[in-house]
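Data first, discussion second: the structure below is written as structure tokens.
Just so we're on the same page: letters track the sequence lines, and every chain starts at 1. Below, all heavy atoms of this structure are taken into account, side chains as well, without hydrogens, waters or symmetry copies.
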Number of protein chains: 2
Amino acid sequence: MNKTRTAITPTRAENYSEWYQQVIAGADLAENSPVRGCMIIRPWGYTLWENMQRALDDMFKATGHQNAYFPLFIPLSFLQKEAAHVEGFAKECAVVTHHRLELDADGKLVPTGELEEPLVVRPTSETIIGDAFARWVQSYRDLPLLINQWANVVRWEMRTRLFLRTTEFLWQEGHTAHATREEAVDETMRMLDVYADFAENWMAVPVIKGEKTAGERFPGADRTFSIEAMMYDRKALQAGTSHFLGQNFARASGIQFLSAGGAQEFAWTTSWGVSTRLIGGLIMTHSDDDGFVLPPKLAPQQVVIIPIYRSDDEKGSVLDYCRKLAAELRVQRYNDAPVRALVDEREERGGEKVWSWVRKGVPVRLEIGPRDIDKDAVFAARRDRAPKDKQSIARTEFVATIANTLQTIQDGLFTKAAAYRKEHTRVIDNRDEFYAFFASPPVAEDAPTPIHAGFALTHFSGDVDLEKKIKDDLSVTVRCIPLEKSEPGTCPFTGKSSAQRVVWAKAY
Amino acid sequence: MNKTRTAITPTRAENYSEWYQQVIAGADLAENSPVRGCMIIRPWGYTLWENMQRALDDMFKATGHQNAYFPLFIPLSFLQKEAAHVEGFAKECAVVTHHRLELDADGKLVPTGELEEPLVVRPTSETIIGDAFARWVQSYRDLPLLINQWANVVRWEMRTRLFLRTTEFLWQEGHTAHATREEAVDETMRMLDVYADFAENWMAVPVIKGEKTAGERFPGADRTFSIEAMMYDRKALQAGTSHFLGQNFARASGIQFLSAGGAQEFAWTTSWGVSTRLIGGLIMTHSDDDGFVLPPKLAPQQVVIIPIYRSDDEKGSVLDYCRKLAAELRVQRYNDAPVRALVDEREERGGEKVWSWVRKGVPVRLEIGPRDIDKDAVFAARRDRAPKDKQSIARTEFVATIANTLQTIQDGLFTKAAAYRKEHTRVIDNRDEFYAFFASPPVAEDAPTPIHAGFALTHFSGDVDLEKKIKDDLSVTVRCIPLEKSEPGTCPFTGKSSAQRVVWAKAY
């Protein structure tokens, strides 16, 4: 049997982790930089991030938040204010110790001007923002304080992978302070809902909303919630987190207020964040062996028009037709915005152009040559279908239905991902079946493509030691305790009663 | 004579530099952080920055640029690639030397995990972006490469001032590569024009476009151009720069391409940037002794509605009327966007609310109480007029003319600033007059409010030593050689012939 030629080499089946790198390279999304663990986000990847930012930012503002900006550097003494927090972040941070460079005798630049107190490049901003909140909050009238920051953060990761785990990454971090525990818990859940809404309705990535177990909590939080998505290799990706911080950081930073009743009280705080890691999740949910597949709502270009011509004579009329068509498309609206359409006028061969847009994941490609113009038609291909599955459609019909076509693609991606997750999620009530499920993945762990078992839903009595043993045995953890509760039952590992099922999986 | 009460203490005349700090504090724009020289940009200031970013970003995209993101850190060896560049930036940078923290015996956090090669927190990104360009550019077909980055940068300033000079600041840096010198020069001038357009038509700040003399060039550039604005204290603010880098950085980074003629050539590059410093310029151009004055196009809120009521009974109907009015305003459009209108529903006294919006610089304030509602009218005040200059206007008329009102305010701010600059700009043809102009400012240099002379336009033969002597004598420099050329003439300092007049001033 002939092997089908694919636009990405190797395929997922041949070598999953190399395939991931090649999808990113093939779509010009990002690349490794000469700075260890730091990535360069290329224009196609950055425009995608801008589209994600815009949608999330609108949602944050619609829920009453305002953006602000806090310092990149955090004094060591700040990091030390919250005990669990410093333990969680001290091991992996970039430390600034000097503020000058001078040439030494050998003409080599050396750091001079040692700082009295070293500074950490922010790994997260609870402590520096808490310090500002302590100044800003005096009375209950100053609450709630609902702030978000778009920023770069640095965590000194030893093993990095583009988008999923990089030393520097881009993110947003929401930080809020409230007068009551209840309001802060409501905020925590509201932002988890915003993340799930964004993941499902913009990224077309189905997620499970749930709470983390104690061992997976954010350092310093009382409760951590996350959205968890299944990737193509059936591992879970934690795609966003929302933390109820109780009064821990308010006590550490002194965020106090005079209550309506006249008492001095500590505020209740939350924090929540998503990062460029989401792009990694997008890649591993929708892409295929021909490269990236973009959900239309987030695509930097939704329709790309490729002019096909053989002579300079043809070129003029074909380009003219394509440009007019792009203009017609741009006055159509999809998802409350003008349709994003581009004519690819580069001096490349038509075939190369086509494949470059396949690899970049553009939802709809049009090839237009003299014969199409004669028929006043477009030759259309969809990224969610096979590359060679192309259709001639009357131009007017194509333009009039473009919003519908894009939404059909958007919905189809979600449906497909949800079906994949369902297919690889198993309800398990028996310890041996659980061990067999995770111990015998379809492809061995040390193969170039370790395809994993998937998600297991079991009852669980919540014992910390048991969770640790299972992690040691199988490299599997409780991804979350879903908010959508199952029936109560019996823990298959301990025989104790269990309020609901939890989600187990291997994780990124 | 009674002194008029002002919303800001001290006034500009009493203590200019303290007034500047108090305008920022009074408008909740920003504040100093516990991290030396780093500021916190508060929501009102950050929303202003977002509006500036949005307008600039649209202009960058309309001129063919794409955004990307490059690493925060730069290896020392990169900084050293361009000799003038390292000399310009090595003296004031944050150096990362370690990647871990550990608790020592006394429970104190200390840096560990020393890096083999220290990293500099980017003061600017020519070297790290040049390295990427060297990989991305192979042939003339890859050119021009038109990239912009929105980012934070760090320069270790010894004396800092909010927005004008901070250790960390936010900016954009454009970086482009071209096949020919001419194209790169064109790009340099195009972006200078974009900056001037933005300054004048969005910020309402008149600027002079011109070229810098050799001594004021960007380290490593062949030619540096800037836009220069006159502040209220008559000093010049360099508000944006655009650099023609020749082939200097292309040689240093190895940005080479195969030309259409088949030769291996070095690319011609440019860079250009504006930063949060623009907000300092906005403050010092338009603000008065009552605080900040916002140009309507950039104002986070263009109209603020302050409900006035005495009882809960009144409150219901007044709030209702105000909310409906805000909704009516929001469907009006100004400057291609919905009008930004807010009802201030905080539980504060009406007078306090009014003054808080005066200090924040909101273009139009409405006070609305039961008597206004009876007349179906609004009680309106404009920030470009005296705080107590208020007018009753029929609601329908106010709503129908809001775009016109906002544009009138926008135009008025520009006209006023242009008149102020004209008033304090003197054409000088005589050395003694020049020295007298700058040596006898209206208020002495060591007074709390050193009000300076202004701009002097003289012919200049361009001698570097002469420029240095004048700087030593008077702390005055050539701000720029204007693109808009004067008649040729004679240098009053040397008697040599001069092609055109230059602009002299004290500078921030």
Side chain, backbone, both or neither of A:R54 within contact of chain B (heavy atoms, under 4.5 Å): side chain
For the candidates B:S33, B:P34, B:A151, which exhibits the highest count of non-hydrogen atom pairs separated by less than 4.5 Å from chain A? B:P34
Any heavy-atom pair between the side chains of B:L170 and A:Y69 that's under 4.5 Å? yes
Segment of B:F78 engaging chain A (4.5 angstrom heavy-atom cut-off): side chain
So which residue, B:L115, B:V95, B:L119, B:T166, ends up with the most heavy-atom pairs under 4.5 Å with chain A? B:V95
Checking heavy atoms, do the side chain of B:P71, its backbone, both or neither come under 4.5 Å from chain A? both
Please look at B:E50 and chain A and tell me whether the side chain, the backbone, both or neither of the residue comes under 4.5 angstrom of a heavy atom of that chain. side chain
With chain B, the option among A:M39, A:Q66, A:Q80 that has the most non-hydrogen atom pairs under 4.5 Å is A:Q80
For the interface with chain A, which of B:C38, B:C93, B:G45 has the highest count of heavy-atom pairs at distances below 4.5 Å? B:C93
State which residue, out of A:V35, A:V121, A:T167, A:V153, fulfils the side chain to side chain contact (heavy atoms under 4.5 Å, CB included) condition with B:L72. A:V121
Is it true that, when you exclude B:E352 itself, more than 12 heavy atoms of the residues, nucleotides or ligands shown sit nearer than 6.0 Å to its CD? yes
Honestly, the part of A:E31 sitting under 4.5 Å from a heavy atom of chain B is side chain
Any heavy-atom pair between the side chains of A:T97 and B:H98 that's under 4.5 Å? yes
Most heavy-atom pairs under 4.5 Å with chain B, out of A:H99, A:R100, A:E168, belong to A:H99
Is B:E348 atom CD crowded by more than 12 heavy atoms from other residues, nucleotides or ligands, each under 6.0 Å away? yes
A:F73 CZ to B:N152 CG distance, which is reported to the nearest 0.5 Å: 8.5 Å
Check this for me: A:K108, atom NZ, are more than 12 non-hydrogen atoms of other residues, nucleotides or ligands nearer than 6.0 Å? no
Using non-hydrogen atoms and a 4.5 Å limit, figure out which bit of B:W136 sits close to chain A: side chain, backbone, both or neither. side chain
For the candidates B:I147, B:L76, B:N67, which exhibits the highest count of non-hydrogen atom pairs separated by less than 4.5 Å from chain A? B:N67
Is B:L79 close to chain A through its backbone or its side chain, or both, or neither, when contacts mean heavy atoms under 4.5 Å? side chain
Heavy atoms from other residues, nucleotides or ligands near CG of B:D104 exceed 12 (cutoff 6.0 Å): yes
Contact class of B:E92 relative to chain A, heavy atoms under 4.5 angstrom: backbone
N/O donor-acceptor pair under 3.5 Å between A:R42 side chain and B:A68 backbone: no
Is it the backbone or the side chain of B:R135 that comes under 4.5 Å from a heavy atom of chain A, or both, or neither? side chain
With a 4.5 angstrom heavy-atom cut-off, could you sort out which part of A:W44 is near chain B: side chain, backbone, both or neither? neither
Toward chain A, the part of B:D57 with a non-hydrogen atom under 4.5 Å: side chain
Once you round to the nearest 0.5 Å, how far does CZ of B:F70 lie from OH of A:Y46? 11.0 Å
